[in-house]
Amino acid sequence: MKVSPVEELFTIFNETAVLLQEELSCTYLEALAETGENIFQQSVLQEELSELTRKRLKKSYESVSLTKFSSEEIRKSFQLAILKGMKENVQAHHQMTPDSIGLLIGYLVAKFMKQSSFRILDPAVGTGNLLTTVLNQQGNKVMDAIGIDIDDLLIKLSYVNANLQEHAVEFFNQDSLSNLFIDPVDVIVSDLPVGFYPDDIRALDYQLKAEEGHSNAHHLFIEQSVKYVKNGGYLFFLVPSNLFESEQAGKLHEYLKEQANIQALLQLPLSLFKNEQSAKSILVLQKKGEQVHAPKEVLLAMLPSLSNAVQMEKILSKIDLWIRENK
Ligand code: SAM
């Protein structure tokens, strides 16, 4: 039976990661990052391996030539391997952004961004799945991409993921809510970490800090992102659907009224999530600035199940029409 390119490449990632996992006594995800780096460097970089494992790895690596795969095929096969590793051990809010959501955000970025070249940032880049899904849909319009994450394993996966897909992304392994050493960008995309931010002292620097107790990380991320996007720049966030109903929502509303224009709020279908509490929406903002006008009306939609092609087609036409009339 003929295997698809994604299956073929997944098998290489998977089999070599398992070999390395056993020999290095590490987690599958750590081994995946190692094997990804080996494949990219076309060499076995780990010195502590037995001769037999080294030989088996070399043989697998020699059987694959990345040049025959598209970036999307590489991303999807690496994504499958990450999913396998995440089943082993990963905290819920470190989950990778699913394909369907990344594709939709990438579609929106392509529609909103009229410039011929732009700079993009994901301040919670995780495995890089969302960022590279978006990059793969922008042709060669992205001149600079930046990813930041606090988790050193995830950012390593992200870096390997970007290298394998031949995306030149600059990565920073740090708390995105501390100072960022970057110039403001044109676009931000991010699947925001939801939950409390543990550093109450740093949270004091934010307008959106909680009056009492820990602040909401995703609120602080919104404020930080608005700070690091240019005037008139766009922000595409995956946020909890109850964002504007939570306890701190009043403050968030006030802040957004001052700083940005809400462009769109697209509710994702419940079927994508475990329960109503964990449901997410895509929030699109534009930072205020000279020559920046609020849209005539905010684009509000409840998205159908993303596998429902007919309904999805209708919604995409509605989005296209809104963009023609408002952008
Ligand atoms: N879009 C990512 C992907 O496709 O893999 C998934 C993002 S995940 C929902 C949220 C990410 O935020 C996690 O990778 C987590 O490590 C990161 N994170 C949480 N708090 C952070 C902080 N203070 N600074 C930077 N990254 C943070």
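Counting convention: from 1, in listed order, for ligands and their atoms alike.
Not a single N or O atom of Asp151, backbone or side chain, sits closer than 3.5 Å to an N or O atom of ligand 1. Of the polar atoms of Ile148, none of the N or O atoms is found under 3.5 Å from an N or O of ligand 1, judged by distance alone. No N or O atom of Leu177 sits closer than 3.5 Å to an N or O atom of ligand 1. Of the polar atoms of Tyr197, none of the N or O atoms is found under 3.5 Å from an N or O of ligand 1, judged by distance alone. Taking distance alone, with nitrogen or oxygen atoms compared against 3.5 Å, Gln95 stays at or beyond that limit from ligand 1.
Shown are Pro304, Ser100, Ser305; of these, the side chain to side chain contact (heavy atoms under 4.5 Å, CB included) with Met312 is made only by Pro304.
Residue contacts with ligand 1, taken as heavy atom pairs separated by less than 4.0 Å, do not involve Leu238 at all. Of the heavy atoms in Asp175, both backbone and side-chain atoms come closer than 4.0 Å to ligand 1. Contacts between Phe221 and ligand 1, counted as non-hydrogen atom pairs separated by less than 4.0 Å, involve the side chain only.
Remark: among candidates Ile155, Leu131, Thr127, the nearest residue to atom 3 (C) of ligand 1 is Thr127, based on non-hydrogen atoms. Of the candidates Ala124, Pro98, Gly126, the one placing a heavy atom closest to atom 7 (C) of ligand 1 is Ala124.
Ring centers of Phe112 and Phe236: under 6.0 Å apart, within the cut-off.
Salt-bridge check for Arg202 with Asp175: passed, with a basic side-chain N closer than 4.0 Å to an acidic carboxylate O. No salt bridge links Lys59 with Glu62; every basic N to acidic carboxylate O contact stays at or beyond 4.0 Å. Looking at Glu254 and Lys257, a side-chain N of the basic residue comes within less than 4.0 Å of a carboxylate O on the acidic one, giving a salt bridge.
The contact set between ligand 1 and Ser176, taken as ligand atoms under 4.0 Å from a residue heavy atom, comprises 22 (C), 24 (N), 25 (C). Close approach to Gln174 involves these atoms of ligand 1, each under 4.0 Å from a residue heavy atom: 24 (N), 25 (C).
We find the CD1-CD1 distance between Ile222 and Ile188 to be 11.0 Å, quoted to the nearest 0.5 Å.
In this structure, Phe196 and His214 have tilted ring planes: the angle between them lies in the 30° to 60° band.
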Practice prompt. Could you go through the side-chain contact (heavy atoms from CB on, under 4.5 Å) check for Leu32 and Phe13 one step at a time?
Written response: CA-CA 7 Å; Leu32 181 64; Phe13 285 137; 4.0 Å; yes

